[in-house]
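Chain A is the first sequence line, chain B the second, and so forth, proteins listed ahead of strands; every chain is numbered from 1. For clarity, every value in this text was computed on a predicted model and none was experimentally measured. Below, each value reflects all heavy atoms present in this structure, side chains not excepted, and no hydrogens, waters or symmetry copies.
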There are 2 protein chains.
Amino acid sequence: MNEANKYPSCLTTKEIENILKASGVQSTAQRLAVSRYVLCEASHCTVEEVKDWADQNFPKISLATVYNTLNILVEVGLLKALKLSHSDKVIYDNNVDNHYHFLDEQTGELSDISSDKIDFKTSLNESFKINSIDVLIKGTKSINKV
Amino acid sequence: MNEANKYPSCLTTKEIENILKASGVQSTAQRLAVSRYVLCEASHCTVEEVKDWADQNFPKISLATVYNTLNILVEVGLLKALKLSHSDKVIYDNNVDNHYHFLDEQTGELSDISSDKIDFKTSLNESFKINSIDVLIKGTKSINKV
DNA sequence: TTACCTGCAAACTCTTTGCACCGCA
DNA sequence: TGCGGTGCAAAGAGTTTGCAGGTAA
């Protein structure tokens with residue numbers, strides 16, 4: 001996590017390239033760099049963070065290309081775009097499985113909560129057909145436990 | 001509990017004035033008009049809707065005053081400001097009790113879900129201190145039942 | 001009278017778009 | 001060569017702010 005400015009070790013450039021190709025996304029140097037960062041290194045990042053990282057780790061990229069790339073990754077299902085109530089910025093989540101979120105209101109840190117950590121029983125009547133459920137738990141996380 | 005914040009639509013100007021006064025908000029003609037609309041008539045409205053309503057029902061009000069008034073009502077706890085993932089606009093909710101929301105993705109209609117309709121068990125460890133929980137259920141509501 | 005509210009327009013933030021240029025298939 | 005990706009700047013949406021003038025206590 002402190003290595004944030006380095007290329008992540010989880011996936012090679014070649015692997016990222018294959019992932020993009022499998023999703024029908026044409027590879028370019030900019031897209032590879034952005035994808036590698038958001039898919040491996042950053043779990044919940046904003047456009048601004050991607051741009052800042054890219055400015056330090058990539059020869060040249062425009063903000064429009066960052067937006068464009070992230071939007072494409074969302075479209076093909078490699079990322080989820082979150083709009084949470086505490087911020088006006090979109091947060092990109094590389095966990096595309098069904099899960100919930102916890103926001104530490106003191107630090108601003110956002111963490112994933114596995115969907116099996118919440119037991120959810122609704123007694124809505126049958127006229128409600130549920131497609132998805134967004135849950136954001138706000139609070140604080142004490143220091144003694146990660 | 002649902003009755004606590006459900007101002008009857010017959011609420012008089014005088015009553016609104018008293019509510020504002022009780023919250024330490026100075027009454028003006030604009031504030032009374034906006035407050036009456038959002039506290040009585042509209043359950044989930046946007047700034048735009050308030051402005052449109054006011055333009056038709058009030059001699060003159062600026063957009064800035066609408067924003068200002070709604071922000072004040074949120075500050076004093078008479079309204080809740082919601083930012084939901086399907087829209088960039090803030091939605092003002094006159095139900096300030098703890099409750100959840102259901103979004104009909106076909107109609108865009110937002111409805112309240114009483115907190116007792118959802119049984120919520122989290123098995124987060126003790127390092128998580130929960131202050132509040134936002135829940136947005138997305139789906140569709142069938143027509144045969146309101 | 002004094003403090004505060006209002007209206008207007010400009011500013012601000014985040015995101016998208018239009019367009020010329022460039023690179024890769 | 002041609003399609004489409006990139007960069008830049010401008011535009012756009014939603015919201016806030018600065019300020020001059022007006023209004024209520």
Q: Check the distance between C:dT13's P and A:Lys51's NZ and give it to me in whole angstrom.
A: 16 Å

Q. Just by protein heavy atoms under 4.0 Å, how would nucleotides 17-25 of chain D read 5' to 3' in B, S and -?
A. B--------

Q.
Filter on side-chain hydrogen bond (donor to acceptor under 3.5 Å, both in side chains), then keep only pairs touching residues 56-66 of chain B, sequence neighbours left out; what's left?
A. B:Ser62-B:Thr65

**Q.** Short side-chain N/O contact from B:Asn68 to OP1 or OP2 of C:dC5, under 4.0 Å
**A.** no

**Q.** Gap between atoms CG and P, on B:Leu70 and C:dT6 respectively (whole Å)
**A.** 12 Å

Just distance, no hydrogens or angles: give the donor-acceptor pairs under 3.5 Å from side chains in residues 74-90 of chain B, sequence neighbours left out.
residue, atom, partner, partner atom, Å
B:Lys80, NZ, B:Asp97, O, 3.3
B:Lys83, NZ, A:Ser85, O, 3.3
B:Lys83, NZ, A:Asp88, OD1, 3.0
B:Ser85, OG, A:Asp134, OD2, 3.3
B:Ser85, OG, B:Lys138, NZ, 3.0
B:Ser87, OG, B:Lys89, N, 3.0
B:Asp88, OD1, A:Lys83, NZ, 3.0
B:Lys89, NZ, B:Glu48, OE1, 2.4

Q: Could you tell me the separation between the CG atom of A:Asp52 and the P atom of C:dC14, rounded to a whole number of Å?
A: 12 Å

Q) OP1, OP2 of D:dG14 versus side-chain N and O of A:Lys89: anything below 4.0 Å? A) no

Q.
Looking only at the side chain of B:Arg31 (C-beta and beyond, no hydrogens), which of the listed nucleotides C:dC14, C:dT6, D:dT6 gets closest?
A. C:dT6

Q.
The side chain of A:Gln30 is closest to which nucleotide in this list: D:dC8, C:dT15, D:dT6?
A. D:dT6

(Q) Looking at B:Thr65, I'd like to know whether one of its side-chain N or O atoms comes within less than 4.0 Å of OP1 or OP2 on C:dG7. (A) yes

Q.
Does anything in residues 105-125 of chain A form a ring-ring contact (aromatic ring centres under 6.0 Å, His included)? List the pairs, not counting sequence neighbours.
A. A:Phe120-B:Phe120

**Q.** Gap separating the CD1 atom of B:Ile91 from the NE2 atom of B:His44, nearest 0.5 angstrom
**A.** 7.5 Å

(Q) Distance check needed: D:dG7 P versus A:Asp55 CG, whole Å only. (A) 10 Å

Q: Scan residues 46-69 of chain B for pairs that pass ring-ring contact (aromatic ring centres under 6.0 Å, His included), counting only residues two or more places apart or in two chains.
A: B:Tyr37-B:Trp53

Q | Min side-chain heavy-atom separation B:Val135-B:His101 under 4.5 Å | A | no

Q) Counting only N and O atoms by type, is there a donor-acceptor contact under 3.5 Å from the side chain of A:Ser23 to the main-chain atoms of A:Val25? A) no

Q.
In the structure I gave you, are the side-chain heavy atoms of A:Asn71 and A:Thr69 within less than 4.5 Å of one another anywhere?
A. no

Q. Does OP1 or OP2 of C:dA25 have a side-chain N or O of A:Lys21 closer than 4.0 Å?
A. no

Q. Which nucleotide in the list C:dT6, C:dG7, C:dT15 gets nearest to the side chain of A:Val90?
A. C:dT15

**Q.** Nucleotide D:dT15, atom P - distance to NZ of A:Lys83 in whole Å
**A.** 11 Å

(Q) Is there a continuous path of hydrophobic side-chain contacts, each under 4.5 Å between heavy atoms, that joins B:Leu11 to B:Tyr92? (A) yes

Q) Expressed in angstrom and rounded to an integer, what is the separation of B:Leu63 atom CG from D:dT16 atom P? A) 10 Å

Q: May I have the distance from A:Leu82 (atom CG) to C:dC14 (atom P), rounded to whole angstrom?
A: 17 Å

Q) A:Ile61 has an atom CD1; how far is it from atom P of D:dG5, in whole Å? A) 14 Å

Q | OP1 or OP2 of C:dT16 under 4.0 Å from side-chain N/O of A:Asn71 | A | yes

(Q) Give the residues of residues 42-50 of chain A touching DNA chain C, defined as any heavy atom closer than 4.0 Å, sorted by residue number. (A) none

Q. Would a 4.5 Å heavy-atom cut-off, applied to side chains only, mark A:Ile19 and A:Ser35 as touching?
A. no

